Amino acid sequence: MVQTIFSQTSYEIPLTQKAVTFAKTHGPHTIETAWPVTQPKDLKPGEVLVRVVYTGVCHTDLHAWLGDWPLENKLPLVGGHEGSGYVAFIGPPLAGAEPSTLKVGDAVGIKWLADSCLHCEECNKGYESSCAKAQNSGFSIDGSFQQWAVSYAAHLTPLPAGFPLEAAAPILCAGVTVYKAIKEAALLSGEVVVIPGAGGGLGHLAVQYAKAMGYRVIAIDSGAEKEKLLASYGVTDFIDYMKGDVVKAVNDLTGGVGAHAAIVVASGAQAYEQALQYLRPHGALICVGMPPNGDIKANVFWTVVKSHRIIGSYVGNRQDAIEALDIAAAGKVHTTFTIEDLSALPSVFERMKALTLNGRIVLDCQ
Ligand code: NAD
Ligand code: ZN
């Protein structure tokens, strides 16, 4: 599909648009053709209207629709939080704040973290996603599975000049999340990082960021297709978790001593238990994948004696997003994606549930 919407100095904003919605958790999706568009006069201080051009589909969107997590989302909901597009209209600035530096026509990204207060301790320390007032795209507010989305000037991410919008979309959640998670492991150059879930949306980017950051990668996922995809990034150590003993395989590949870190981006819980068994002393378990009802069962004695670090990592902050995009725009990380029409979302969810997707699906919202 060819991009037909480009940067403009002003946009004609329609009253209605295409959107994919659901009104009930795990209920049917509706392909809306006359979903209302928030009009410029109705934008509140700090809000921006974005003409969404492409949006990635993240497993988080699937978890939200299935009601997998102990949090309630808005209903009816327009999901989606990997949106790339153009600023179409900028609402008034927040009281006492400088006007936004964004301009109409700027290429921007919509992330999971749509807004935060920017004044609390979490925000001041750069942990904006943990702000008590955080708003999340495609969860607490409508997201990017539509053509015209309301987002927030403070958190929209400017996209690198000339970087294709369809390639940028998956970086806005999958990319920034794994880039941040790898930083959390605080590894030294050449150390061994294991990535369970390596063939999925987050995983295929995680292996590339880890390599670009100088680490040795062992990828875990299942099937010849995913192995082939990972080999295309130069990953030669692949373990199929459906075949054989994962812990033994990691130990064999590391001379019996285990890995320095595991960045678990798998959507299944079993990967966490395995990781604790193949980490070497002082190894870091970075928790990213969020399977429903997943518990991490860590033995206290071995956690202490091996001095394991167990760290939750939740997306990334505004600067992480800029860095993750810059690394991709410099050609060090490539998003592998297939473009489908926005209306294909229900079918994408079915394939995602079956764990048959390689890399990301990007939806065309034009
Ligand atoms: P995806 O469906 O594209 O990929 C998941 C991959 O995990 C698949 O390739 C699947 O084959 C693989 N997998 C499943 N069980 C496995 C196992 N036991 N061992 C190894 N691999 C296994 O999903 P995604 O969009 O990459 O998201 C992955 C997870 O990350 C989801 O739970 C999602 O909600 C979560 N996520 C977390 C954050 C965060 O901030 N922490 C951000 C985005 C997504
Ligand atoms: Zn996501």
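Ligands are counted one by one from 1 in listed order, and the atoms in each one are counted from 1 as well. This structure is a prediction, so every number in the text was calculated from the model and none was measured.
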Taking the six-membered ring where the residue is Trp, are the ring centres of His29 and Phe349 under 6.0 Å apart? yes
Residue-ligand contact Ala174/ligand 1, heavy atom below 4.0 Å: no
Just to confirm my output: which protein heavy-atom neighbour is closest to atom 21 (N) of ligand 1, and how far is it? Gly197 N, 3.2 Å
Counting neighbours of CD on Glu225 that are heavy atoms of other residues, nucleotides or ligands and sit closer than 6.0 Å, is the number greater than 12? no
Search all heavy atoms of His204 against all heavy atoms of Arg360 and return the closest pair with its distance. CE1-N, 4.2 Å
Would you compute the distance between atom OG1 of Thr336 and atom CG of Asn358 and round it to the nearest 0.5 angstrom? 9.0 Å
Is the closest side-chain heavy-atom distance between Thr177 and Trp112 below 4.5 Å? no
Would you say Gln135 and Tyr152 are linked by a side-chain donor-acceptor pair, where the criterion is simply a distance under 3.5 Å? no
Give me the residue, atom name and distance of the protein heavy atom closest to atom 33 (C) of ligand 1. Thr60 OG1, 3.5 Å
So, regarding Gly201 and ligand 1 (criterion: nitrogen or oxygen to nitrogen or oxygen, under 3.5 Å), is there a contact or not? yes
Best match, Pro196, Ser267, Ala271: closest heavy atom to atom 5 (C) of ligand 1: Ser267
Ligand 1 to Gly268, heavy atom cutoff 4.0 Å, flagged ligand atoms 14 (C), 15 (N)
Quick check on Val288 - does any of its heavy atoms sit under 4.0 Å from an atom of ligand 1? yes
Can you tell me if Arg360 has a non-hydrogen atom under 4.0 Å from ligand 1? yes
Counting only heavy atoms not in Gln277 (residues, nucleotides, ligands), do more than 12 fall under 6.0 Å from its CD? yes
Heavy-atom contact under 4.0 Å between Ser222 and ligand 1? no
To the nearest 0.5 Å, what is the distance between CZ on Arg318 and CD on Glu128? 4.0 Å
Candidate with minimal heavy-atom separation from atom 29 (C) of ligand 1, of Leu113, Val265, Leu357: Val265
I need the nearest protein heavy-atom contact for atom 30 (O) of ligand 1: residue, atom name and distance, please. Gly289 CA, 3.4 Å
Does ligand 1 come near enough to Gln274 that some N or O of the ligand is less than 3.5 Å from an N or O of the residue? no
Using side-chain heavy atoms (C-beta onward) and a distance below 4.5 Å, is Ser100 in contact with Val48? no
Shortest-distance N, O or S atom of His81 relative to the Zn ion (ligand 2): NE2
Quick one: does Trp69 get a heavy atom under 4.0 Å from ligand 1? yes
Look at Cys58 and state whether any of its N, O or S atoms is less than 2.8 Å from the Zn ion (ligand 2). yes
